[in-house]
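Reading through the structure tokens given below for one structure.
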Amino acid sequence: MENWSLISLCVLLGLTARWAVSFHSYSGAGKPPMFGDYEAQRHWQEVTYNLPVHEWYFNTTNNDLNYWGLDYPPLTAYHSLVCAYVAKLLNPEWVELYASRGYESHSHKLFMRATVLFTDILIYIPAVLLYCFYFCDGSSKQKVATAFCILLYPGLILIDYGHFQYNSVSLGLALWGILGLGLGWDLFGSLAFTLALNYKQMELYHSLPFFCYLLGKCIKQGLTWRGFFHLVKISMTVLVTFALCWMPFLSDPKQPLQVLHRLFPVGRGLFEDKVANTWCSLNVLIKIKTLLSRETQLFLSFALTLLFVLPSSLKLLSKPTLWQFKLALVNTSLAFFLFSFQVHEKSILLVALPVCLVFNEIPLIATWFLLTSTFSMLPLLLKDGLLLPYVVTSLAFLFLSLYLLSALERSTEEELRLGLYRKLTQRWLPKLNLSRIIKWKFWFSLAAMAALSFTSVWLKPPAKLPDLFPVLVSVLSFLHFLGFIIYFNQVQLMEPQRKKSQKKTN
Amino acid sequence: TVMAAPMTNDQSWFYALALGVSFLKCLLINAYHSTDFEVHRNWLALTHSLPVSQWYYEATSEWTLDYPPLFAWFEYGLSHIACFFDKEMLVVPNLNYASPATVLFQRLSVIVADVVFFYAVKECCKCLREDKGKDLLGKPSFILTVLLLWNFGLLIVDHIHFQYNGFLFGVLLLSIARHCQNRHFEGAFLFSVLLNLKHIYLYIAPAYGIYLLRCFCFTQSNADGSLQWRSFSVVRLVILGTIVLSTFAVSFGPFIALPALFKIWHRPNGARGFLRCLVICALGSFMFGWHVHEKAIMMAILPLSLLAVDSRKDAGIFLMLSVTSHYSLFPLLFTTQELPIKIFLMLLFTIFSLASLKTLFRKGGALLNPLEVTYLLGLIPLELICEFVYPLTVWQKTFPFLPLMLTSVYCALGVTYAFIRLYISLLTCSDTTKKTKMQ
């Protein structure tokens, strides 16, 4: 069968899965007075349509920031404005100032879901297809299979089409950025990534690798003339893009400051709710949230994050290849997720995107990580009534990646890149079959996650520990993520000087 | 070197396709369901709560039991599992009861019952000619499996609209497969089981009757394929007697197939001729029968899939018929929420069937002539007008039936054309080349 028909079949299946998930409930459905993220997005359409630009981020009589005030950068606001115009055409009641608060109807839900599908088709899906065709090794069937698996990653589908968010826009733009950089179109890549950054400030998790990669490339070109010039061009692109995005806010010095204040709520504390990172997990044993002062917490978080991103970034700086870039993206964003301030469980999607990009090279570990990331969001998904799509998409994804990408067969020690682990165990346990151990751990971990999912749904927690299951889920995920950050750092830092021909034989 | 996508294991792709479509069906659990959902819930309730003598008299709900007894027993069996999901659905006066547990149970029962269909498809693949050495996507058995397991009509009628056609067609296809494998007793038995599950299959009973009488009761043919009267077997006739008697149905439809029936009496072509006659009976009854539902077209399409992967001409007819009739099912799902699903799935099935059949029969020119292609492409503006443009015009209020009428008329052209072509191909096909293949 020709390539184009295979690709269209995969895209159609991906779209069907997305739309079928969208039949289910969304965040905060039928839960006044605050509802959830769905109402937040609707409210932003209302605010951006009815109020002038300089009032969007400020607390005024018309704009109560306590009721889902805007806390994403301007591009989200512009996107909401465009959606609001369409909403006004279809049914003005959806964006009436004040009167539309808590508006819920079947047709409104269809409209909102359709906006997500639209941007997905426009931005994220083409980026995935282009990535697989330009940067994946193997036959064209292999590339289509990889694209298919990436498109069916459950975490993104469940959050965007279930819980309700527009992560496909920011992740899609970031992916365009990576594509640009990979193809050597640095200016285009920087432009795309800056747009992603201006859509969601969480993309800062990815900014350090972009910076190090570009800087490393410029240094390699020689810092005196060509490299320096190139650096200047990139910086100009970034600055101009920022200026264009923030233009309406640059008239008054108070504006950008207020926007930044909304984007980075330093006053909100080390973490909120249950999230699978160090601080929340540590809090189970030692109540660090109350023990340490705010300044100490900030300092500790900063120090540990820096500690974990430094090796990866320095390695990327010294060796700016696409492979290193992808691994650095994984390592940096995972470090930020584990150690940073005010992390939400949905931020794991920022780590999931670069892991999707190493799917073709290390399918088993990538599948493992992506399933864990979906599992880590289980409490959130259960709250939103998304149990059925969670189970179906996770099982389908597991099965597809094992079957189509032969993940279990391509798991020799060399393919799993266990170089350092082999060296460590060489002295004392030379006969250890690391590959088999990894596979056993994989199945055992999946069984544990399945069991915990089952108990979270069917069993009632004891009265003294009402949060038992969410805590267990986040601690289990945290332990997995800790293992993954060590593994991915090991892969990135221990990479030998490979020749291109050697790489293709994998 | 990097391995190609599927593993070298021979049959694993079948289970992968079956599992994949089951996952898709699970995702559609919360989609729109029609009144047929309440019909089946009512039947679960009345078979569970009432004694057998009352089943066909019970009329609290408007959806009285109108399928044969074997299906009623099937619902009775299901009702015992339904207890564990939600006892309230088994209470007869609970009209239109549709709690989440009820929806989950009923949807799951359709998905699980499809296992019969999976088994039948697997058996049908065994009847196809072997094609070793071809890559997986070009194998006839792979293409047939996708055409059957992922059939658009079955997906939207069974798993959205709500019915048990997968299970029933499984029995039909299994019966056909048994005839292809010369296990005629089993085939006939399965067909009589099918008739007792849903009497609509009477449409194709003549094909069964005449074929079995001709090929099974007369145990030998002459060298040129014509009848050898001396080889008549009374024993076989008696055994098949009950089935043959039931083929003489009252409705007008089956008599349209008379010339076709004469043809397979005169010069049967083994299993392939039988299948062709079956499809013609089904299609003839669809076109001329009494109180036909649009879903009845499925009875012609699924068996035709078997012929489509075997011969070029049939592939062309199959493409015309399947695309047209799948489009004719669109009005069944009239809700806005399901609109993207039906368009995506329709495109999925159409692109797959076009691309795979084109690759399978790439030697010998195009499968569809330009006129046919134009007709099929005309479905796109038809859909745009009927579902996107027309509702916004002023005529929507005064002539709301117009899009439905346009759809029916346009699709009728395609279906009639396919019917005529099939009939002609049956009456003019030659015996010699096909003797060795399917028998």
Side-chain angles (χ1 to χ4, degrees), chain A residues 1-2 4-25 106-107 109-111 113-114 117 136-146 148 152 157 360 385 388-389 391-397 399-400 402-406 408-410 504-506, chain B residues 1-9 12-13 15-17 19-32 100 103-104 107 135-138 142-143 146 150 155 159-160 335-360 362:
Chain A
M1 232 199 286
E2 294 150 33
W4 72 265
S5 35
L6 273 176
I7 299 171
S8 4
L9 292 177
C10 289
V11 172
L12 283 169
L13 276 170
L15 291 175
T16 310
R18 282 160 164 71
W19 193 254
V21 170
S22 82
F23 289 170
H24 299 87
S25 181
H106 187 71
S107 41
K109 180 182 173 201
L110 280 180
F111 163 70
R113 297 293 197 203
L117 190 71
C136 271
D137 294 327
S139 67
S140 55
K141 285 215 192 80
Q142 182 89 359
K143 297 182 189 192
V144 176
T146 313
F148 190 38
L152 285 183
I157 300 181
N360 204 28
L388 179 69
V391 171
V392 177
T393 49
S394 303
L395 286 175
F397 178 76
F399 167 72
L400 277 171
L402 290 185
Y403 181 74
L404 288 177
L405 298 179
S406 312
L408 287 174
E409 283 75 37
R410 291 163 62 191
K504 283 245 153 79
T505 57
N506 268 346
Chain B
T1 54
V2 174
M3 286 167 78
M7 305 186 284
T8 48
N9 184 342
S12 64
W13 55 265
Y15 299 105
L17 286 171
L19 197 57
V21 79
S22 305
F23 281 133
L24 178 62
K25 293 170 186 173
C26 286
L27 272 183
L28 293 173
I29 285 180
N30 278 329
Y32 152 84
V103 174
L104 182 66
R107 291 283 199 202
D135 94 298
L136 181 66
L137 295 182
F142 177 83
I143 297 175
V146 178
W150 287 73
L155 279 173
H159 301 279
I160 301 184
T335 47
T336 325
Q337 188 179 251
E338 276 68 30
L339 177 64
I341 294 276
K342 71 183 183 196
I343 293 182
F344 292 153
L345 287 179
M346 173 85 185
L347 284 174
L348 195 69
F349 188 82
T350 312
I351 291 178
F352 178 81
S353 43
L354 278 167
S356 57
L357 290 175
K358 199 166 88 152
T359 317
L360 192 60
R362 71 182 85 85

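Below, read A as the first sequence line, B as the second, and so on, with proteins coming before strands; counting in each chain starts at 1.
Top candidate by heavy-atom pairs under 4.5 Å with chain A, chosen from B/Thr336, B/Asn30, B/Thr359, is B/Asn30. Comparing B/Leu137, B/Leu348, B/Leu28 by heavy-atom pairs within less than 4.5 Å of chain A, the highest count is held by B/Leu348. Most heavy-atom pairs under 4.5 Å with chain A, from the set B/Ala31, B/Gly20, B/Ser22: that is B/Ala31. Among A/Ser5, A/Ala396, A/Ala20, the residue making the largest number of heavy-atom pairs under 4.5 Å with chain B is A/Ala396.
Both the backbone and the side chain of A/Leu15 have a heavy atom closer than 4.5 Å to some heavy atom of chain B. For B/Leu354, no part lies near chain A; criterion is any non-hydrogen pair under 4.5 Å. Both the backbone and the side chain of A/Leu395 come within contact range of chain B, with heavy atoms under 4.5 Å apart. For chain B, the nearby part of A/Leu6 is the side chain; its heavy atoms alone come within less than 4.5 Å. Heavy atoms of B/Leu27 lying under 4.5 Å from chain A belong to its backbone as well as its side chain.
For the side chain to side chain contact (heavy atoms under 4.5 Å, CB included) criterion with A/Thr16, the lone passing option out of B/Leu24, B/Leu155, B/Leu347 is B/Leu24.
Looking at A/His106 and B/Gln337, their side chains come closer than 4.5 Å, going by heavy atoms from C-beta outward. A/Val392 places none of its side-chain heavy atoms less than 4.5 Å from the side chain of B/Ile29. Within the 4.5 Å cutoff, no side-chain heavy atoms of A/Leu9 are placed close to those of B/Trp150.
No donor-acceptor distance shorter than 3.5 angstrom exists from the side chain of A/Trp19 to the backbone of B/Glu338, with no hydrogens or angles considered.
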Step-by-step side chain to side chain contact (heavy atoms under 4.5 Å, CB included) determination, A/Phe23 to B/Tyr32: CA-CA 9 Å; A/Phe23 289 170; B/Tyr32 152 84; over 6 Å; no
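Closest non-hydrogen pair, B/Ile351 versus A/Ser8, comes out as CD1-CB, 4.0 Å.
Counting heavy-atom neighbours within 6.0 Å of B/Lys358 NZ, excluding the residue itself, gives a total of 12 or less.
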